[in-house]
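In what follows, a single structure is set out as C-alpha cells and then discussed.
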Amino acid sequence: MKSIKQLKGRGLLQKRLLIILTSLVLLVSGFVSGIFFVQRSDADTYQNPQKSRLDQIIAQGKIRVGTTGDYKPFTYWNPTTKQYEGYDIDAAKMLANDLGVKVEFVKTTWSTMMQDLQNNKFDIAMGGITRTLLRQKTANLSDPYIQDGKSPLIRSSDKDKFKTLADIDKPDVKIAVNPGGTNEKFVKENIKNAQIITVQNNLEIPKMVAEGQVDVMITDTTEARYYANQDNRLLAILTENPFNLHENGYLMQRGDLDFQNWINLWMDEMKLHGKFKELEKKWISG
C-alpha cells in the first residue's frame, strides 16, 4: 500500500500537468482564433471596400475640377465671359460628359493646389500640371497626355542676346516667375546670378517681358510658343531643345485605385480616338 505522502505527491504532479495542458490548449485556441479573425477581417475589407470617389461623383452627379485659370493655353479664367477656357478645360468637360455628370470648376493656385486637394476642395486638378516625383510622394498623378520642357520666352529684339542658359544667368538680367510651380523650382535650382522677380499672377509675366519690365520668362515650351504666337514682340527660343523634359498629367488623391484606374482608362480612350490631338490642334498648334 502506498503511503499518504506518495499519494499527495502524485496528486500535485497531476495538478501541474493539468495546468500546463490547459495553458497549451488556451494558447493554441487563441492563436487559431487570431488567424481566423485576421482572415475574416481581410475578407470583410475585400467584400466591403471603402466607397470610391468614383461612386461618390456619380451619386452626386458632378465632378469638382481644381484649376488655376492662369496658365494658357491649358487653363484661363476669362474675365469677360466669366468662364474658364483652354485645353484642359475642354478636356474636363469631356471627362464629365463621359462620366455622365456635370463639371464644377474650383479655383486653386500653384502654391495651394496640393493642400486644396488634400482638404477635399476638389476631386481632381487639371491645367498643365507637370508630373514630378515630388508631387507623386503626396498625391497621385495620372498617366501623361502631353510632353513638354522648360524654355525661355524673351523679346524678339533680344534674340541675339539670349541663346543659352548661361546668357540668361547674368546679374543684369531680370527673370520673372510665378510662385509655387515647376517654373519657379527650375529657376531657383538653375539661376544663380540673374535677378529673380516673383509675380503672383502668371498671366502678367508675358506682358512684362514684352514691355521690358523683365527680360525673361522661363516656362513650359507650350506656354512660351503660345504667347509668342499671340504677340510678335515676343519670341520663344530653344523650344526644339528645351532645358529639360517632362510630361503633364492630372492630379488626384492617393489610395483610390478605382477612381485612378477609371481616369487612366478614360485617357487611353481619349488618345485612341484622337481627342487629345484635336485639343492640341485647337489650343496649341492652331
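Counting from 1, the numbers follow the sequence of the chain as shown.
Between the Asn202 side chain and the Asp70 main chain, a donor and an acceptor come within less than 3.5 Å of each other. The backbone N or O of Arg135 sits less than 3.5 Å from a side-chain atom of Thr132, completing a donor-acceptor pair. When atom types are taken as modelled, the side chain of Asp88 and the backbone of Met126 share no donor-acceptor pair closer than 3.5 angstrom. The closest donor-acceptor contact from the side chain of Thr221 to the backbone of Gly149 lies under 3.5 Å. Looking at Gln253, its side chain does come within 3.5 Å of a backbone N or O of Leu117 through a donor-acceptor pair.
Residues Trp110 and Leu203 fall into different hydrophobic clusters, defined by Ile, Leu, Val, Met, Phe, Trp and Tyr side chains chained together at heavy-atom separations under 4.5 Å. Connection of Tyr76 to Val103 is not established within any shared hydrophobic cluster, with ILVMFWY side chains joined at heavy-atom distances below 4.5 Å, either directly or through further cluster members. Linking Ile, Leu, Val, Met, Phe, Trp and Tyr whenever their side-chain heavy atoms come within less than 4.5 Å puts Leu54 and Ile124 in one cluster. Ile129 and Val177 fall into different hydrophobic clusters, defined by Ile, Leu, Val, Met, Phe, Trp and Tyr side-chain heavy atoms under 4.5 Å apart, directly or through other members. Residues Ile284 and Leu153 fall into different hydrophobic clusters, defined by Ile, Leu, Val, Met, Phe, Trp and Tyr side chains chained together at heavy-atom separations under 4.5 Å.
Within 6.0 Å of atom NZ in Lys271, more than 12 heavy atoms from other residues, nucleotides or ligands are found, so the atom counts as buried in its surroundings. The local environment of CG in Leu245 is crowded, with over 12 non-hydrogen atoms from other residues, nucleotides or ligands closer than 6.0 Å. A 6.0 Å sphere centred on NZ of Lys207 holds no more than 12 heavy atoms belonging to other residues, nucleotides or ligands.
Residues passing the side chain to side chain donor-acceptor pair (under 3.5 Å) test with Gln60, sequence neighbours excluded: none. By the ring pair (Phe, Tyr, Trp, His ring centres under 6.0 Å) test, Tyr226 is found to be paired with no residue, residues two or more places apart in sequence or in another chain being considered. Scanning for salt bridge (charged side-chain N to carboxylate O under 4.0 Å, His left out) contacts around Asp90 gives Lys282, with sequence neighbours left out.
Between Ser52 and the choices Asp256, Ile58, Ile57, the side chain to side chain contact (heavy atoms under 4.5 Å, CB included) rule is met once, by Asp256. No option in Ile175, Ile218, Asp220, Ile205 other than Asp220 meets the side chain to side chain contact (heavy atoms under 4.5 Å, CB included) test with Asn183.
For Gln115 and Asn119, the side-chain atoms include at least one donor-acceptor pair closer than 3.5 Å. Checked by atom type, the side-chain pair Asn264/Ser142 shows no donor-acceptor distance below 3.5 Å. A donor-acceptor pair shorter than 3.5 Å cannot be found between the side chains of Gln83 and Asn78. A side-chain donor from one of Thr67 and Thr75 sits under 3.5 Å from a side-chain acceptor of the other.
A salt bridge is absent between Asp215 and Lys174: the closest approach of a Lys/Arg side-chain nitrogen to an acidic carboxylate oxygen does not fall below 4.0 angstrom. Between Glu184 and Lys150 no salt bridge is recorded (no basic side-chain N to carboxylate O distance below 4.0 Å). Between Lys170 and Asp172 there is no salt bridge, since none of the side-chain N atoms of the basic residue sits less than 4.0 Å from a carboxylate O of the acidic one.
Residue pairs meeting the ring pair (Phe, Tyr, Trp, His ring centres under 6.0 Å) criterion with at least one partner in residues 182-211, sequence neighbours excluded, are Phe186-Phe243. Each ring pair (Phe, Tyr, Trp, His ring centres under 6.0 Å) pair with one or both residues in residues 142-178, not counting sequence neighbours, appears once here: Tyr87-Tyr145, Tyr145-Tyr250, Tyr145-Phe276. Counting only residues at least two apart or in different chains, side chain to side chain donor-acceptor pair (under 3.5 Å) contacts with residues 96-107 comprise Lys62-Glu104, Asp98-Trp266.
Closest of all the heavy-atom pairs between Met113 and Thr108 is CA-OG1, 3.3 Å.
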